[in-house]
Amino acid sequence: VPAETPSLGEFEQLVLFAVLRLDEASGIAIHDEIEARTGRDVSPGAIYTTLGRLEARGLVRSAALAPQPGQVGRPRKHYTLQPAGARALRAAYDNLQALAGGALGKLAQIARGRS
Amino acid sequence: VSWWRALLSRLVTGRDAADIRDDLDAMYRRDRANGHTALRASAAFVRRTLSSAWWARQGTDVIDRSRLSAPTTRSLVTTVRRLVRGHRGYVIGATATLAVAIGINLLVFTIVNALWLRPLPFADADRLVAIPSHAWVRLTSPRLRHLEAVAGQVITWFDSTAGRRPRVGIPLVNRPIETLAVTPEYFGFFGLPIRGRDFREEDDRAGAEPVAIVSHRLWRTAFDGNPDIVGTVIDSTPVRLRVIGIAPAGFEGARRGERADLWIPSSLTSRVSSDPGATTVSLMAYGRLRPGQTIADAVQQTRADARNERDELDVVPLASVYGTPESPTRVIREGTTFAVVAGLALLVLVGGCATLMTLVLVHYERRRRELAVRLALGATPRHLASELVVELGLIGLAGILSALIVAFWGVQALPSLSLPGGIDLRRLNLSFDPRVLAAALAMTFGSLAVAAWWPIGRCTRAGLAGDLLSGPAPTASAASQRLRQSLLALQVAATVVVLVGAGLFVRAVQHGFATAPGFAVDRTVFATIEIMPPSGGSKDVTAQLEVVAERRRRLIDAFRALPAVEAVAAGQPPIEPVLAERALSPARVTTDIGEHELSVGVLWGAPEFTSALGVPLLAGRALTRDDVSRSPARGLITASLARRLWPEGDPLGRIISIGGGRLGGRFEIVGVVADVAYGSLSAPAAGVVFIVNESGPRFVFRTSTPRALASEIRRTVAAVVPDASRVDVITGREVVARDLGRQQLGAWFFSGFGLVALLLGVGGVFGLVAYLAEARQREYGVRLALGATPRALVRHGVSAALAPVACGTVAGLAGAGWLSALVASLLVGLSGLDPLTYLAAAGLMLAAAYASGLSAAWRLRRVAALDALRQE
C-alpha cells in the first residue's frame with residue numbers, strides 16, 4: 001500500500017462506493033443505496049459519523065444545498081467524492097482483488113463445508 | 001412529527017444531529033408508507049435511533065479508543081454492569097413496579113381519553129349536540145321545526161341500528177362497507193371541506209340519481225387515492241352509485257365509534273337496506289346551539305314543548321355520544337364516572353410509587369456498608385451521589401420503557417375485551433396521549449427523587465464511618481424503618497380504598513340484577529312494535545284504527561301460539577331512560593288522609609301485565625278489562641308506597657290522586673303488588689301505580705328462554721305484520737344492563753385496579769418482611785441460641801409488617817368511607833358504607849399481607865444460630 005493512500009475500513013468503503021454511484025448524495029440517499037445493494041439497514045448515525053470522518057481525512061467534501069423550489073425544510077448536506085477518496089477507494093478495491101484473486105474457488109469449497 | 005419519535009430522536013446529539021433526526025423520521029414515514037405495521041416501523045425507528053445515538057457519541061474518530069473510556073461513558077457502563085450483576089432483584093422489582101403502575105395508568109387514561117376527552121375531528125365541536133332518542137318514529141316537518149327551535153341549525157341522519165342498516169358492496173373490497181344515510185348538507189353542517197360536493201336537496205328526492213360520498217380511507221384503499229373518482233359511477237351493489245365527493249381525512253362519522261366508509265342520501269336507504277320492505281326509518285339529529293344557548297336551555301325547551309312522553313327528546317353534547325351500526329347509540333355521561341376512574345388510576349399510581357420508594361430505601365439500606373467503604377477509600381461524596389442519581393435515572397428509564405411495553409401490549413390486547421354496554425374498543429382511537437406519559441414520567445422521577453433523598457443525603461454527609469463499625473449485616477436506622485413502614489401503610493390504605501370500591505360496585509351490580517328491579521329479569525322480554533294502518537286503505541280514522549286493532553289482535557294471537565311464550569301482555573319495561581327522568585321529579589300525591597311530595601310512576605298495560613312481569617299480587621285482586629272504563633280508574637299500587645301513604649290502614653278501596661302534569665290522575669286502589677323499580681335502579685321512584693290501558697305499542701313476554709324468544713318475536717312480527725314501522729326487542733336482562741352500564745363499568749375498572757393494587761401491596765409487604773428478616777439475622781441467631789423456636793422467629797418476622805398493614809387498612813377503610821359519597825349515587829340498593837364490603841376488603845388485604853409476610857419470613861426457619869453468630 002503506498003504511503004499516501006489512507007487505509008479504509010469495510011464500512012467506509014461501502015459509504016464511499018455509494019457516494020461514487022450517486023455523485024452528489026445526501027445521507028438518506030446513501031443509506032438507501034447501501035440498503036438496496038447490500039441489504040444492510042444501517043443507521044443514519046453510522047453514515048453521518050463515517051462521512052464526517054471521511055471528510056476530516058479529505059476523502060469526501062460536503063456542501064449544504066438549499067431546498068429545491070417547491071420543497072420545504074432546512075438546507076441539507078450533500079457529499080461528493082474527492083480525488084484522494086477516489087484513490088483510496090481504488091487502492092482498497094485493488095488490494096481486495098489482489099488478495100482474493102484465485103482464492104474464490106477455495107472459499108466456495110470451505111463455505112460448502114469441505115476442507 | 002409524532003411526539004415520541006421527536007423525544008426519542010433527541011438522544012442523537014452532536015455533529016449532523018439535525019440531519020440524522022430528519023433522516024430517521026423520513027425513514028419511519030417511508031416504512032409506514034410501504035405498508036409496515038406501526039409496531040414494526042416503530043421498532044426499526046427505535047433500533048436506528050439507538051444505533052445513531054451510539055455512533056454520534058463516538059465522534060468522527062472511531063479509531064481513537066481512548067474516547068470510549070471517557071469518564072462519563074465508563075461510569076455509565078460500570079453503573080449498568082454493577083446494577084445488573086449485583087442487584088438483580090432490586091432492578092427487576094423496581095422496573096416491574098414501575099411497569100405495572102405506570103403501564104396500567106397509561107392504559108386506563110388511553111381508554112378514558114378515547115371515550116371522553118379526545119377532541120372530535122371538526123371545529124367548534126363543543127357547540128354541537130346530539131339528539132338521540134328512541135322516541136323518534138318518523139320525521140315530520142313540525143318535528144324538524146321544533147328541533148330547530150330547540151337547537152338552532154339541525155341536521156338529521158339515520159340511526160342505522162333500526163334494523164334497516166344500509167348494506168353496500170364495492171368491487172374488490174372484501175370487508176363490509178359501513179354506510180351512513182344522511183340528509184342534505186351533512187358535511188357542511190360540520191364545517192368539513194369536501195373534495196367534490198356535499199349532498200344537496202335534489203339528491204334526496206325520490207327518483208334522483210343514486211350518489212355517494214366516500215371516506216378518505218376508502219378512497220385511499222379501494223380507489224388508490226385517484227382524485228378522478230369524483231364524478232364517476234362505481235360498480236357497487238345493490239345500486240350503482242355516482243361518487244360526488246371525498247370526505248376529508250380523519251372524518252369517519254360524528255359519533256365516537258363510527259367508522260363510516262360511505263355516505264348516501266337518506267332517500268336511498270330503502271333501495272340499499274337489508275330489509276327492502278321497510279318503509280319508514282328511524283332518525284336521529286345533530287344540532288348546533290345558537291350563540292349564547294346552553295345544552296340545559298335546549299333540554300328545558302324540549303321538556304316544555306313535549307306533548308307526551310314519546311315527544312320528549314334528550315339533548316346531549318356530541319362529544320359524549322358513542323354509536324356504531326351494530327349497537328344502539330350510547331350517551332357516555334362524563335363527570336362522576338370519569339372522576340372515579342381517574343382517581344382510581346391515580347391511587348394505583350400512588351401505590352406503585354410507594355412500593356418503589358420502599359424498594360429504593362431497602363436497596364440503599366443494604367448498600368450502606370458498601371458506600372461507607374467507598375467513601376473511606378477516598379471516593380468523594382459528590383461522586384457517590386452522582387452515581388446514585390445515574391442509577392436511579394437508569395431504573396426510572398427502564399421502568400418507563402417497560403411501562404410503555406405493558407401499555408402498548410395492553411392496547412393491542414384490550415380490543416378483544418369489550419366494555420360493558422357494548423362499547424367496542426376496536427372502534428375507538430387508542431393512541432397514546434403525551435400528556436398522560438408526561439404525568440407518569442413526572443410521578444416516577446418524583447417518587448424516585450423523594451425515595452433517594454435520604455440515601456443520597458447520607459452519601460454527602462461525612463459521618464459514614466459509623467456504618468463501617470456496625471458489622472457485616474446492616475441494621476436499619478430507626479428513621480428509615482419508620483419511613484418504610486409509613487410508606488407501606490400508605491400503600492395498603494390506597495389498596496383498601498380500591499378494594500372497597502371494587503366490592504361496592506360488584507355488589508351493586510349483583511343486587512341490581514337480582515332483587516332491585518322487582519320483576520323477573522331473567523324471564524322477561526320486552527318489545528316495541530308499531531303497527532300502522534295499511535297505506536291506500538280507508539280515509540276514515542275509525543276504520544283505520546279498527547284495522548290496526550285487528551292486526552294487533554292477530555299479532556298477539558301469533559305470540560300466544562309460540563311455544564316459548566308463557567304469558568304475553570301489553571306493557572312497557574319499568575326501567576327506561578325516559579322514565580328515569582320522570583322518577584326524579586316529585587309530584588303532589590293526595591290521599592284521603594294526607595298529602596305528600598313524592599315521585600310516583602304510572603305504568604299502563606294489560607290486566608296480565610303484572611303477572612307477566614313476575615310481580616306477585618300481595619293483597620286485593622288483580623285488574624280486569626272492566627277497570628279501565630271506571631271513573632276513577634282502578635289500579636294496583638306497590639307495597640312500600642302503600643305503606644308510606646297509609647301507614648296504619650288498608651289501602652284497598654282508597655283513592656290516590658297524583659297531581660301535576662300530563663301523568664296525573666285519580667285512581668282507586670284495588671290491589672297491592674310487590675315493589676317494582678321505576679325509572680332507573682340508581683334513583684327509582686317511590687312507588688308505582690299500575691292501571692289498565694292496552695293500546696300502546698309495547699309488549700312484555702314471560703318465558704324461560706328470553707334470548708331465543710327475542711329472535712322468535714322478530715320472526716313472528718315479520719310474518720304477521722311485515723310493514724311494522726318499528727320493531728325493537730330487548731330482554732329483561734338487557735333492560736337492566738343498559739341501566740347498570742355505569743355500575744358495570746365501575747365494577748370492571750375497580751376490580752382490575754384492585755387486583756393490581758393488591759399485587760403491589762403484597763409485593764410491598766414481602767419486600768419489607770424479607771428485608772427485615774435479612775437485616776436482623778444476627779438478632780435472630782441470638783434469639784435461637786437463647787432457645788427461641790424457628791416458628792417463633794417466623795411469627796416475629798411477620799409481625800414487623802402487620803402493624804403498618806393494620807394501620808393502613810384502618811386508614812384505607814376510613815378513606816373509603818369518606819370517598820364513598822362520590823359513588824353513592826351509583827350504588828343500587830346499597831349504602832356507600834356497606835359493612836360486608838368493608839369487612840371483605842379488609843379481610844382480603846390482611847390475609848394477602850399475612851400470606852405474603854409468611855412466605856417472606858419462611859426462610860427464618862432455616863436460620864442457624866451458629867452461622868449467624870459466627871459472623872460476629
Side-chain angles (χ1 to χ4, degrees), chain A residues 6-16 18-19 22 24-36 38-68 71-79 85 88 92, chain B residues 1-2 4-68 70 73 76:
Chain A
S7 66
L8 293 173
E10 185 237 357
F11 189 59
E12 288 172 327
Q13 292 178 33
L14 291 185
V15 171
L16 281 179
V19 174
L22 296 166
E24 202 165 63
S26 67
I28 195 161
I30 294 170
H31 167 271
D32 292 352
E33 188 70 16
I34 293 177
E35 190 180 23
T38 69
R40 281 170 66 170
D41 181 10
V42 289
S43 73
I47 291 174
Y48 282 99
T49 307
T50 308
L51 284 169
R53 193 161 64 229
L54 295 172
E55 191 177 10
R57 290 158 71 187
L59 306 184
V60 294
R61 196 173 64 195
S62 71
L65 289 193
Q68 301 286 314
Q71 286 186 337
V72 289
R74 300 176 297 100
R76 302 295 295 271
K77 271 188 181 170
H78 287 70
Y79 294 85
Chain B
V1 178
S2 128
W4 72 267
R5 277 184 278 133
L7 205 68
L8 192 62
S9 64
R10 283 279 142 195
L11 278 176
V12 182
T13 51
R15 202 167 166 276
D16 293 321
D19 280 346
I20 297 176
R21 284 198 288 266
D22 282 355
D23 286 0
L24 285 168
D25 203 57
M27 286 177 193
Y28 173 84
R29 275 186 272 120
R30 204 174 50 193
D31 282 355
R32 290 291 285 145
N34 286 342
H36 291 199
T37 61
L39 187 65
R40 191 172 155 202
S42 305
F45 179 84
V46 171
R47 183 168 43 77
R48 289 189 196 118
T49 309
L50 292 180
S51 159
S52 293
W54 187 84
W55 276 93
R57 253 181 180 282
Q58 307 310 309
T60 52
D61 193 3
V62 160
I63 316 295
D64 180 9
R65 307 293 299 178
S66 68
R67 283 185 68 93
L68 266 180
T73 322
L76 200 68

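Residue numbers start from 1 in every chain, and the chains themselves are labelled A, B, ... in the order their sequence lines are given, proteins ahead of strands.
- The contact list for residues 33-48 of chain B toward chain A, using heavy atoms and a distance under 4.5 Å, reads R47(B), R48(B) by residue number.
- Contacts of A17(B) with chain A are absent, with no heavy-atom separation under 4.5 Å from either backbone or side chain.
- Scanning both residues, T49(A) and W55(B), for their nearest heavy atoms gives OG1-O, 3.4 Å.
- Neither the backbone nor the side chain of R21(B) comes within contact range of chain A, judged by heavy atoms closer than 4.5 Å.
- Rounding to the nearest 0.5 angstrom, the gap separating the OG atom in S43(A) from the CG atom in L50(B) is 9.5 Å.
- Here the closest heavy-atom approach between residue G45(A) and residue I20(B) is recorded as CA-CD1, 3.7 Å.
- Between D23(B) and I28(A), the closest heavy-atom pair is OD2-N, 3.3 Å.
- A salt bridge is absent between R76(A) and D16(B): the closest approach of a Lys/Arg side-chain nitrogen to an acidic carboxylate oxygen does not fall below 4.0 angstrom.
- Heavy atoms of D32(A) lying under 4.5 Å from chain B belong exclusively to its side chain.
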